[in-house]
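Inspection log for the structure reproduced underneath, given as structure tokens.
The chains referred to below are lettered A, B, ... by the order of the sequence lines, with proteins before strands, and numbering in each begins at 1. Note that the coordinates shown come from a computational prediction; the quantities given were computed from them, not determined experimentally.
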There are 2 protein chains.
Amino acid sequence: MNISVSIYDKLKSYGFKLTRGRKLIINFFIDRNQPVSAMEIMDFLHKRKINLHKTTIYRQLEFLLELNIIRQLQFADRKKMYEIRTSDHHHHLVCKNCQKTEKVASAALETEIQTMEKDILAGSDFKNIRHSLEFFGLCRQCQ
Amino acid sequence: MNISVSIYDKLKSYGFKLTRGRKLIINFFIDRNQPVSAMEIMDFLHKRKINLHKTTIYRQLEFLLELNIIRQLQFADRKKMYEIRTSDHHHHLVCKNCQKTEKVASAALETEIQTMEKDILAGSDFKNIRHSLEFFGLCRQCQ
DNA sequence: TTGACAAATGCAACTATGTTGCATTATTAT
DNA sequence: ATAATAATGCAACATAGTTGCATTTGTCAA
Ligand SMILES: [Mn+2]
Ligand SMILES: [Mn+2]
Ligand SMILES: [Zn+2]
Ligand SMILES: [Zn+2]
């Protein structure tokens with residue numbers, strides 16, 4: 001079962017349209033399988049001679065977020081990153097210099113984080129606890 | 001031993017000047033003991049009839065970062081937050097709606113994170129690994 | 001195949017946050 | 001008090017993202 005087709009079906013079932021730009025953006029997310037910025041999406045489309053306006057890019061991002069197809073990440077930068085939402089829970093290792101990114105994951109760490117989230121629920125007035133954990137460093141090229 | 005005086009001494013020892021604005025900003029960081037934005041610093045100074053230009057605020061932040069007196073944090077927002085650098089390693093619980101912030105800490109979690117950082121050093125080309133871990137939720141008022 | 005209708009887009013103008021170059025002012029040591 | 005230089009103010013600029021509104025496009029049903 002093709003992941004992009006299953007996303008298309010989801011959109012159609014809600015009555016949303018499958019435009020050329022939307023399909024390209026969805027497939028870009030699937031192919032990259034890594035966090036990308038709005039600007040990177042624009043550049044990718046531009047190379048394929050598809051000139052979507054930046055407003056449209058941001059509206060697509062908002063739309064895909066709303067439908068839980070992508071997720072938003074905030075690294076040390078001011079700009080937001082987005083990646084396709086998959087079932088595997090993972091975090092990132094980001095180069096402080098060039099933003100090259102790798103996935104990282106640890107079952108032991110997730111267990112500890114879940115414990116922490118339970119403690120927070122019990123010990124504070126906050127509800128709906130989520131977390132963001134990212135690692136930063138210098139990649140080989142940037143050392 | 002007064003913490004603000006020890007910071008003043010450090011600055012003087014490097015030959016930097018103790019201006020009215022700089023002292024107020026340092027003391028604001030010490031008093032608040034929580035992450036604040038550039039804009040919050042401006043507002044604080046404005047209330048005390050000290051109108052430092054925004055350029056000056058940003059240059060002070062850069063300066064205090066350079067000297068490791070404050071640290072920079074990035075939550076889910078586009079804007080950066082800054083807090084006084086203390087010896088206690090901690091993370092934050094931030095309200096997604098109003099940005100109200102509490103400190104959180106867990107020795108067990110830090111141990112697990114350190115293990116992860118060692119694994120990353122061993123298993124990737126990255127060096128100088130750091131981490132950012134923040135929790136998000138909805139505070140009492142915003143639920 | 002063609003309308004009709006809603007969804008999606010383009011555009012201009014705008015906002016928020018932060019940065020740069022350069023002339024002027026304030027702090028410090030002597 | 002003076003000289004040296006750190007710090008500031010200002011205008012202009014940069015980047016990332018947002019909003020209102022007119023126009024275009026995709027879809028479904030006739
Ligand atoms: Mn996690
Ligand atoms: Mn930590
Ligand atoms: Zn790099
Ligand atoms: Zn709140």
Quiz item: What string of B, S and - do you get for nucleotides 15-25 of chain C, 5' to 3', when a contact is any protein heavy atom under 4.0 Å?
Solution: -BBBBBB----

Kindly write out the residues that satisfy salt bridge (Lys or Arg N to Asp or Glu O under 4.0 Å) with [X], not counting sequence neighbours, or none if the list is empty.
{"X": "B:K100", "result": "B:E102"}
{"X": "A:E83", "result": "A:R71"}
{"X": "B:D77", "result": "B:K79"}

Quiz item: Just one of B:I25, B:N33, B:I26 clears the side-chain contact (heavy atoms from CB on, under 4.5 Å) bar with B:F29, so which one?
Solution: B:I25

Quiz item: In chain order, what residues pass the side-chain hydrogen bond (donor to acceptor under 3.5 Å, both in side chains) check against A:S124, with sequence neighbours excluded?
Solution: none

Quiz item: Of all residues at least two apart in sequence or in a different chain, which pass the ring-ring contact (aromatic ring centres under 6.0 Å, His included) check with B:F44?
Solution: B:F28

Practice problem: Using the test ring-ring contact (aromatic ring centres under 6.0 Å, His included), find all partners of B:F136 that sit at least two apart in sequence or belong to another chain. | Solution: none

Quiz item: Does any pair with a residue in residues 55-65 of chain A pass side-chain hydrogen bond (donor to acceptor under 3.5 Å, both in side chains), and if so which ones, sequence neighbours excluded?
Solution: A:R22-A:Q60, A:H53-A:T55

Quiz item: Do any pairs count as a side-chain hydrogen bond (donor to acceptor under 3.5 Å, both in side chains) and have a residue in residues 8-17 of chain B, sequence neighbours left out, and if so which ones?
Solution: B:Y8-B:N27

Specify the separation, in whole Å, of atom [atom1] of [X] and atom [atom2] of [N].
{"X": "A:I57", "N": "D:dA16", "atom1": "CD1", "atom2": "P", "answer": "14 Å"}
{"X": "B:I50", "N": "D:dA7", "atom1": "CD1", "atom2": "P", "answer": "17 Å"}
{"X": "B:K23", "N": "D:dA6", "atom1": "NZ", "atom2": "P", "answer": "18 Å"}
{"X": "A:Q60", "N": "C:dA8", "atom1": "CD", "atom2": "P", "answer": "7 Å"}

Quiz item: Going by heavy atoms closer than 4.0 Å, what residues in residues 40-48 of chain A are next to DNA chain C?
Solution: none

Dump the pairs, protein N or O against N or O of nucleotides 26-30 of chain C, anything under 3.5 Å, distances to one decimal.
from	atom 1	to	atom 2	distance (Å)
C:dT27	O2	B:K17	NZ	2.9
C:dT28	OP1	B:L18	N	3.0

Just list the side-chain donor-acceptor pairs under 3.5 Å for residues 115-123 of chain A, sequence neighbours left out, or say none.
from	atom 1	to	atom 2	distance (Å)
A:T115	OG1	A:T111	O	3.0
A:E117	OE2	A:H131	ND1	2.8

